[in-house]
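The structure appears right after this line, and notes come after that.
Values below: all heavy atoms of this structure, side chains included; hydrogens, waters and symmetry mates excluded. Both counts, for ligands and for their atoms, begin at 1 and track the order of listing.
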Amino acid sequence: METIFTKIIKGEIPCYKIAEDNRFFAFLDINPLAEGHTLVIPKKPIDYIFDLNDEDLADMMVFAKKVALAIKKIIPCQRIGVAVVGLEVPHAHIHLVPINDVYDIDFKKEKLKLSPQRFQEIASLISVEF
Ligand code: 5GP
């Protein structure tokens, strides 16, 4: 199914890209809970994360781990929180959110407003660490 994320993968919609390989793609969430909030997605257009086959699901988490380690090098935080929600965009994705407190990963919280320059700066710094 064509979604906003499949268009991002194809480059039809711009994003602040962090990393990709032949099966997975990572980019900054446009409405971040924190600086460095990143989405990791499979290139396969599958809606529900638990419809991924075991190998893809496991490899996606390993890819997300690599992204999380890169985020942690750039964004000062205690941990990288991991969440799967999936109620807005019907394309499987893992949220990686730098956190110091449980409330930092509260999706009802007001989102940050960052300038395009700041998004680009964060994406460039993290992607170099990937
Ligand atoms: P969920 O489906 O997990 O509830 O939320 C989808 C997430 O995707 C939200 O955090 C939202 O900000 C993000 N998002 C939605 N559309 C876009 C987009 O066009 N670009 C980017 N970078 N993020 C998006």
Just to confirm my output: which protein heavy-atom neighbour is closest to atom 15 (C) of ligand 1, and how far is it? Glu88 OE2, 3.4 Å
Using a strict 4.0 Å cut-off to heavy atoms of Gly86, name the atoms of ligand 1 that fall inside it. 1 (P), 2 (O), 3 (O), 4 (O)
Between His37, His93, Lys7, which one has a non-hydrogen atom sitting closest to atom 3 (O) of ligand 1? His93
Hey, could you give me the OG1/CD1 distance between Thr38 and Ile18, rounded to the nearest 0.5 Å? 4.5 Å
Any nitrogen or oxygen of Leu39, side chain or backbone, less than 3.5 Å from one on ligand 1? no
Less than 4.5 Å apart, side chain to side chain, heavy atoms only: is that true for Lys10 and Glu2? yes
Return the residue, atom name and 0.1 Å-rounded distance of the protein heavy atom closest to atom 22 (N) of ligand 1. Leu28 O, 2.9 Å
4.5 Å side-chain heavy-atom contact, Asp21 and Lys43: no
Can you find an N or O of Ile4 that's nearer than 3.5 Å to an N or O of ligand 1? no
Using a heavy-atom cut-off of under 4.0 Å, does the side chain or the backbone of Phe119 touch ligand 1, or both, or neither? neither
Just go through Val89, Ile49, Asp29 and tell me whose heavy atom is the nearest to atom 7 (C) of ligand 1. Asp29
Ligand 1 to Phe5 polar contact by distance, N or O atoms, under 3.5 Å: no
Assess Ile8 for proximity to ligand 1: is some non-hydrogen atom of it under 4.0 Å away? yes
Determine whether Thr3 and Pro45 make a side-chain contact, defined as any pair of heavy atoms from C-beta on separated by less than 4.5 Å. no
I'd like to check Phe24 versus Val67 (side-chain heavy atoms, cut-off strictly below 4.5 Å). Are they in contact? no
Number the atoms of ligand 1 from 1 as they appear, then name those within less than 4.0 Å of a heavy atom of Phe27, with their elements. 21 (C), 22 (N)
Working to the nearest 0.5 Å, report the span between CD1 of Ile49 and CE of Met61. 6.5 Å
Return yes when Cys15 approaches ligand 1 closer than 4.0 angstrom through a heavy atom, no otherwise. no
Determine, using ring centers only, whether Phe119 and Phe27 are less than 6.0 Å apart. no
Do the non-hydrogen side-chain atoms of Ile122 and Tyr16 ever get within less than 4.5 Å of each other? no
At under 4.0 Å between heavy atoms, is it the side chain or the backbone of Phe107 that contacts ligand 1, or both, or neither? neither
Is there a side-chain contact between Arg23 and Phe63 (heavy atoms, below 4.5 Å)? no
Any His93 side-chain heavy atom under 4.5 Å of Val40 side chain: no
Is His95 touching ligand 1 with its side chain, its backbone, both, or neither, if touching means heavy atoms under 4.0 Å apart? side chain
Protein heavy atom at shortest distance from atom 24 (C) of ligand 1: Ile30 CG2, 3.7 Å
